[in-house]
Each structure stands twice: as C-alpha cells, then as structure tokens.
Amino acid sequence: IFMLMWMGGKVGGARKKYEVPYPKMYSEDDRFNCYQRAHQNTLENYPVYLLLQVLSGLYAPKVAALAGAVWCAGRIVYAIGYYTGDPSKRIRGAFAYIGLLTMLVCSIIFALNLLKFTNL
C-alpha cells in the first residue's frame with residue numbers, strides 16, 4: 001500500500017508540475033502521461049499480486065514475503081524508469097515478475113496440496 005501511495009503522490013506532483021487539472025486523466029504532455037500510466041498499470045496489476053500474496057503466504061510464508069518484496073521493488077524500479085519520460089526504460093523493473101511467478105508457483109502447489117494431488 002505504501003508503494004501505491006508513493007506512486008499516487010508522484011502523479012499528484014506531476015499533475016502540478018505539468019499543469020494537468022482534475023478531472024483530466026491524461027495530458028498532451030507525454031511526460032505527465034508516463035507518471036499516470038506507471039501508477040495506473042501498477043493498480044491494474046495489484047489485485048493479482050494481492051491474491052497470489054495471500055495464497056502463496058498460506059503455503060510458504062517466508063518465500064511469499066520475499067517474493068512480495070521483490071515484486072514491490074520491481075514495480076518501484078519500473079515506475080522510476082517510466083518517470084524518465086522514456087517508456088522503454090520501464091523494462092528495468094521486469095524482475096518484478098520473478099516475485100510474481102514465485103508466488104504463482106507457491107499458490108499452485110498450495111492448491112494441489114489442498115486437492116491431494118501432491119505432498120510438496
């Protein structure tokens with residue numbers, strides 16, 4: 001939640017800096033749009049993260065905590081890259097998917113254990 005609040009604050013600051021009044025979501029100035037899209041994209045991915053964080057945490061709490069921290073760090077690096085005004089620099093945060101995929105694997109193993117398909 002603190003990461004999302006930080007990103008929201010960055011969008012608010014960019015809104016003032018680039019003079020984009022409410023309720024406009026986007027601007028003719030692509031620099032503001034980079035701030036907006038970094039935050040919006042993270043919000044779009046957040047429900048999947050939360051679900052996987054909870055399910056993987058039930059199976060392997062320490063692994064899930066570390067994977068969640070990796071995801072958050074990756075999203076921060078993604079946003080910082082996006083904030084440069086060059087959207088191609090957002091790829092630097094792609095390592096967030098390591099955390100997400102780790103949580104996905106833990107969630108699948110947890111589900112299989114519940115269904116008695118495996119004893120991992």
Side-chain angles (χ1 to χ4, degrees):
I1 190 72
F2 296 113
M3 173 193 59
L4 292 176
M5 291 168 57
W6 171 75
M7 286 183 178
K10 296 295 277 184
V11 172
R15 190 173 284 282
K16 286 181 184 177
K17 181 178 180 179
Y18 300 114
E19 299 176 357
V20 179
Y22 286 105
K24 287 181 72 175
M25 288 289 290
Y26 295 100
S27 169
E28 298 298 319
D29 187 336
D30 285 340
R31 294 173 296 176
F32 170 76
N33 295 341
C34 287
Y35 283 83
Q36 174 67 17
R37 281 303 308 149
H39 185 232
Q40 187 65 38
N41 184 264
T42 300
L43 288 172
E44 291 163 1
N45 285 276
Y46 196 59
V48 172
Y49 158 76
L50 285 178
L51 178 65
L52 291 177
Q53 185 71 76
V54 169
L55 293 176
S56 64
L58 291 171
Y59 173 71
K62 291 178 183 176
V63 173
L66 181 60
V70 168
W71 185 82
C72 287
R75 294 309 296 189
I76 290 168
V77 171
Y78 164 87
I80 290 170
Y82 219 153
Y83 296 162
T84 65
D86 180 3
S88 67
K89 292 183 179 175
R90 62 190 170 169
I91 196 73
R92 296 175 183 166
F95 69 88
Y97 287 104
I98 295 169
L100 199 66
L101 292 173
T102 300
M103 289 185 286
L104 178 62
V105 168
C106 288
S107 297
I108 290 170
I109 293 170
F110 178 61
L112 292 174
N113 283 338
L114 288 176
L115 296 171
K116 307 292 186 213
F117 285 124
T118 184
N119 284 323
L120 295 177

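Just so you know, these numbers come straight off a predicted model, no measurement behind them.
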Interatomic distance, K17 atom NZ to R31 atom CZ [nearest 0.5 angstrom]: 7.0 Å
Shared hydrophobic cluster, L100 / L104 (ILVMFWY, side-chain heavy atoms < 4.5 Å): yes
V105-L58 co-clustered via ILVMFWY side chain contacts under 4.5 Å: yes
Sub-4.5 Å side-chain heavy-atom contact between T102 and V63: yes
Criterion side chain to side chain contact (heavy atoms under 4.5 Å, CB included) on N41 and Y82, from CA distance to verdict: CA-CA 11 Å; N41 184 264; Y82 219 153; 5.7 Å; no
Test: K24 and E19 ion pair at under 4.0 Å: no
Non-neighbouring partners of R15 that pass side-chain hydrogen bond (donor to acceptor under 3.5 Å, both in side chains), sequence neighbours left out: none
Nearest heavy atoms of C106 and A60, plus distance in Å: SG-CB, 4.3 Å
With R92 via side-chain hydrogen bond (donor to acceptor under 3.5 Å, both in side chains) - residues at least two apart: none
Closest approach of G74 to A96 (non-hydrogen atoms, all atoms of both residues): CA-CB, 3.6 Å
Joint hydrophobic cluster, I76 plus Y97, side-chain heavy atoms closer than 4.5 Å: yes
Non-hydrogen side-chain atoms of L52 and W71 separated by less than 4.5 Å: no
Closest heavy-atom pair and its distance - A64, M103: O-SD, 4.3 Å
Atom pair CG (D30) and CD (Q36), whose distance is rounded to the nearest 0.5 Å: 13.0 Å
Spacing of S107 atom OG and L112 atom CG [to the nearest 0.5 Å]: 11.0 Å
Ring pair (Phe, Tyr, Trp, His ring centres under 6.0 Å) partners of Y46, counting only residues at least two apart: Y49
Pairing residues for T42 by the side-chain hydrogen bond (donor to acceptor under 3.5 Å, both in side chains) criterion, not counting sequence neighbours: R75
Verify same cluster id: F95, I91 (apolar side-chain graph, 4.5 Å): no
Side chain proximity check, Q40 to M25, heavy atoms < 4.5 angstrom: yes
Using residues 2-14 as the side-chain source, report each donor-acceptor pair under 3.5 Å to any protein atom, sequence neighbours left out, with the distance given to one decimal.
none

In one Ile/Leu/Val/Met/Phe/Trp/Tyr side-chain cluster, 4.5 Å: L50, V70: no
Listed once per pair and sorted, the ring pair (Phe, Tyr, Trp, His ring centres under 6.0 Å) pairs that draw on residues 11-35, sequence neighbours left out: Y35-Y83
